[in-house]
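These notes concern the structure reproduced below.
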Amino acid sequence: MIGKLDVAVAEFPFGEMTCNEMSFTERDERYRRLHEWPEPTYSHPSGLRMIWKYADVREVLDATTPGLSTANSLDPLVGFGRIAATPRALPHVVRHLVPPPAEATANLTDDELHKRVWSTMAGPTGHFTIAPGERPDRAAAMAEHFHAVRDSLHRPHAGAYLDVTAVSIAYAAQTVGAAVGLPPADWPQVAVWSGAQSGLLGRVMRGRELADAVRALGWLFTVSSRATRTGRGDEATGFARRLRDAGISHRIAVSAMANSLAAGVHTVSGTLQQGVQRLLADPERKWWKLLAEPDGCGRVAAKLLQLDPGLVAWKRQADTSVVLRSGTPLPAGPLLVMFGAANRDPAVFPDCLDLHGSGKLPLTFGFGRHICPGKSMATLAVEVFLRQLYELAPDAELLPPAGHTAARRSDLLFSGADITIRW
């Protein structure tokens, strides 16, 4: 059975399992074997062609090479035809998703418009850009979200159990929801709604599960539309107002908000879940103890975002056959760009599991013109959570999975872990 660490080398490491179904130790081993694979690409059963070498991933993420496109970045894995052929899904499409959401961020192919949207979100004075002088106040606000979530989910007392997975999801939802200007009343549902978009992008869904995901996705855009309309008023000062002032239309602003919610929640929460698993599984707690040092959280957070990102891959399209600068040939068709794997390419990161290992810039947040606009905010959110968790539970113990825990689902894009600690 695939899933054991002694799988034959002849079997492609990610042919039947995804990172979301693995512990960090198995993920480490499979990534190691992936970089020993004799070919630079693999045709996955999903129909996506996988690439994982650092140079190839960087070039395809940038998507400036002729023949490469970002147009399919937010297409559902099962295809629009499958959704149209699912009767339960159609009422939700008609109610929430007609007309279809506008291209706004990851899949926006209009270069000039993309530059304007991205600059408003992440330029030098962009909405999600956190200047050095702003970090203390932003960190304090994130810490408040951490404690509010912890208090709402668990009564704090020594010897208690803490569901890190649940806390990380709620924390990420509040942090990202507040950043885009979503009303607090909507924060509890953000994880469900954003999970729908994430699931549609990276999982094979059918029937009721697909219909439920379309329904939740519809609500994500409906609520984003409502918040955008309110936030574009003359007295407003938040994300939606900044998009309005930049001349961004309401439809594009709605998609920018919805996409930011979906990507932000899962990038942050998945990294935290997998990262805490790695930190507490070490008998010596070397990286965990560094969280007590003034600059320790920053170093550990950066390494976890390299090794254990909640978002492990993204989609691109080869509109025609392309030969990359490395010589890697790509036939026309959809691509799965595995930046979680590229972050461990031994040709670039010879000692990637070393906290002080050398290498180039990790590709967790993309590369070039399509780099994630929420990079600085997500990085700080991971850092703050780790610091607050350590201060709350410096002697935390990682508990083994409960016997009734359901198996994690296959997901080509997103990855997390079911983590509970005792403190």
Side-chain angles (χ1 to χ4, degrees), residues 17-21 44-48 71-107 165-166 168-170 172-173 176-177 180 182 186-227 251 254-270 273 310-315 334 336 406-418:
M17 285 191 74
T18 64
C19 289
N20 194 48
E21 302 166 271
H44 190 266
S46 64
L48 300 171
N72 70 329
S73 296
L74 296 177
D75 289 357
L77 185 60
V78 297
F80 293 106
R82 170 67 64 178
I83 294 175
T86 303
R88 290 191 182 99
L90 293 180
H92 307 307
V93 172
V94 173
R95 180 178 181 183
H96 298 289
L97 300 171
V98 176
E103 296 177 347
T105 49
N107 62 343
T165 298
S168 68
I169 292 172
V176 180
V180 302
L182 207 64
D186 290 326
W187 292 350
Q189 294 299 316
V190 167
V192 176
W193 297 330
S194 62
Q197 187 188 56
S198 304
L200 286 165
L201 294 178
R203 287 170 33 210
V204 176
M205 297 181 175
R206 296 285 190 273
R208 183 180 294 276
E209 181 187 26
L210 178 58
D212 289 345
V214 172
R215 176 181 180 275
L217 176 67
W219 276 110
L220 174 67
F221 277 87
T222 294
V223 170
S224 295
S225 178
R226 187 186 306 148
R251 285 189 66 232
V254 170
S255 291
M257 180 176 290
N259 295 342
S260 297
L261 285 166
V265 169
H266 285 74
T267 298
V268 171
S269 63
Q273 294 156 25
L311 179 63
V312 296
W314 203 242
K315 288 183 285 189
L336 187 71
R408 294 188 63 83
R409 296 171 175 175
S410 174
D411 195 315
L412 290 170
L413 270 62
F414 294 88
S415 185
D418 297 317

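Please read these numbers as outputs of a predicted model, since none were measured by experiment.
Counting only residues at least two apart or in different chains, side chain to side chain donor-acceptor pair (under 3.5 Å) contacts with residues 76-96 comprise His96-Thr222. Among residues at least two apart or in separate chains, side chain to side chain donor-acceptor pair (under 3.5 Å) pairs with a member in residues 197-217 are Gln197-Asn259, Ser198-His266, Arg203-Glu209, Glu209-Arg409.
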Derivation of the side chain to side chain contact (heavy atoms under 4.5 Å, CB included) call for Val214 and Leu97: CA-CA 9 Å; Val214 172; Leu97 300 171; 4.2 Å; yes
Evaluate the side chain to side chain contact (heavy atoms under 4.5 Å, CB included) criterion for residues Trp187 and Val176: first the C-alpha distance (whole Å), next the side-chain angles of each, then the deciding distance (0.1 Å), finally the verdict. CA-CA 9 Å; Trp187 292 350; Val176 180; over 6 Å; no
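The two residues Leu182 and Val190 have their closest heavy-atom pair at CD2-CG2, 3.3 Å. The two residues Val192 and Ala216 make their nearest non-hydrogen contact at O-CB, 4.0 Å. Here the closest non-hydrogen pair linking Gly47 and Pro334 is O-CG, 3.4 Å. Of all heavy-atom pairs spanning Arg251 and Pro101, the tightest one is NH2-C, 3.7 Å. In plain terms, the two heavy atoms of Ser260 and Val180 that are nearest each other are CB-CG1, 4.1 Å. Gly416 approaches Asn20 most closely through the heavy-atom pair N-OD1, 2.9 Å.
When the side-chain contact (heavy atoms from CB on, under 4.5 Å) test is applied to Ala84, no partner is found at least two apart in sequence or on another chain. Under the side chain to side chain donor-acceptor pair (under 3.5 Å) criterion, Ser269 pairs with no residue at all, not counting sequence neighbours. For Glu21, the side chain to side chain donor-acceptor pair (under 3.5 Å) partners two or more places apart in sequence, or in a different chain, are Thr18. The side chain to side chain donor-acceptor pair (under 3.5 Å) check on Thr165 picks up nothing, with sequence neighbours excluded.
Contact check for Ile169 versus Gln273: side-chain heavy atoms found under the 4.5 Å cut-off. Using a 4.5 Å cut-off on side-chain heavy atoms (C-beta onward), Phe221 and Ser225 make no contact. Contact of the Val312 side chain with the Asp411 side chain is not registered, since no non-hydrogen atoms from C-beta on lie closer than 4.5 Å. No side-chain heavy atom of Leu261 sits less than 4.5 Å from a side-chain heavy atom of Trp193.
One distance of note links CD1 of Ile83 with CG of Leu200; it measures 5.5 Å at 0.5 Å rounding. Distance check: Arg408 CZ to Ser415 OG gives 6.5 Å after rounding to the nearest 0.5 Å. Within the model, atoms CZ of Arg226 and OG of Ser224 stand 9.5 Å from one another, a figure rounded to the nearest 0.5 Å. In this structure, the separation between CG on Asn72 and CH2 on Trp314 is 10.0 Å, given to the nearest 0.5 Å. Taking OG from Ser255 and CG from Asn107, the interatomic distance works out to 7.5 Å, rounded to the nearest 0.5 Å.
Distance alone, capped at 3.5 Å, is enough to place a donor-acceptor pair between the Lys315 side chain and the Leu201 backbone.
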